Amino acid sequence: MDDIKIGEILLPGDEEAQERQEKTVRARFWPTMRKAIRQLPFGRDVVAAYYCATDRQTPLRVRGILLAALGYFVLPFDAIPDMLAVVGFTDDIAVLTTALALISSHIREQHYEAADRALADEPGVAVG
């Protein structure tokens, strides 16, 4: 996946676009995460990013970038179909890795604590 495409995906959008994106992410995040958790080498970070993106104290631009990346992650149609075992989440991993690199300083300890609690509630998922 080239940098231009990832850059386009991660555009934060305006507040109205972010609200729509947040509704989509909230509705689809956990079902998608349950399918992908074993294939994501940084699942804890993705869940912490979800909590950061839905935290109203997170700056608007950061929320927008995270919501865009998480929105791409939860979309049923993307560059490589997610149903293709390990390869299916490769494009999602590239987008999420880029987003996390851009905003990592905004993911707070409270977001990681919420991620740990959520992952501990998921059967068969190791936290850490």
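In this text the structure is predicted, and so the values were computed from the model without any measurement. The first residue in the sequence is number 1, and the count goes up from there.
Rounding to the nearest 0.5 Å places CG of Leu66 at 11.0 Å from CD of Gln21. The structure places CD of Gln110 at 6.5 Å from CD of Gln57, a figure rounded to the nearest 0.5 Å.
The aromatic rings of Trp30 and Tyr50 sit perpendicular, their planes meeting at an angle over 60°, well past the 30° parallel limit.
The pair Glu22-Arg28 does not meet the salt-bridge criterion, since no charged nitrogen lies less than 4.0 angstrom from a carboxylate oxygen.
Taking the side chain as every heavy atom from C-beta outward, Ile93 and Pro41 approach each other to under 4.5 Å. Taking 4.5 Å as the limit, some side-chain heavy atom of Leu96 sits within range of a side-chain heavy atom of Leu70. A 4.5 Å side-chain heavy-atom check between Ile107 and Tyr51 finds every atom pair outside the cut-off.
Across every non-hydrogen atom of Leu102 and Ile65, the tightest pair is CD1-CG2, 4.4 Å. The minimum heavy-atom distance between Phe29 and Val47, with the atom names listed, is CZ-CA, 4.0 Å. Nearest heavy-atom pair across Leu100 and Ala49 is CD2-CB, 3.7 Å. In terms of heavy-atom proximity, Asp116 sits nearest to Arg44 at OD1-NE, 2.6 Å. Cys52 and Arg63 get closest at one heavy-atom pair: O-CG, 4.3 Å. Closest heavy-atom contact between Met33 and Val46: SD-CG1, 4.1 Å.
A side-chain contact (heavy atoms from CB on, under 4.5 Å) with Glu16 is found for exactly one of Glu19, Gln18, Arg20, namely Arg20.
A donor-acceptor pair is defined here as one N or O able to donate and one able to accept, closer than 3.5 Å; no such pair exists between the side chain of Thr58 and the backbone of Thr54.
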Self-check item: Derivation of the side chain to side chain contact (heavy atoms under 4.5 Å, CB included) call for Val25 and Phe73
Solution: CA-CA 9 Å; Val25 168; Phe73 173 62; over 6 Å; no

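Note on Leu60: it does not cluster hydrophobically with Ile103, by side-chain heavy-atom contacts below 4.5 Å among ILVMFWY residues.
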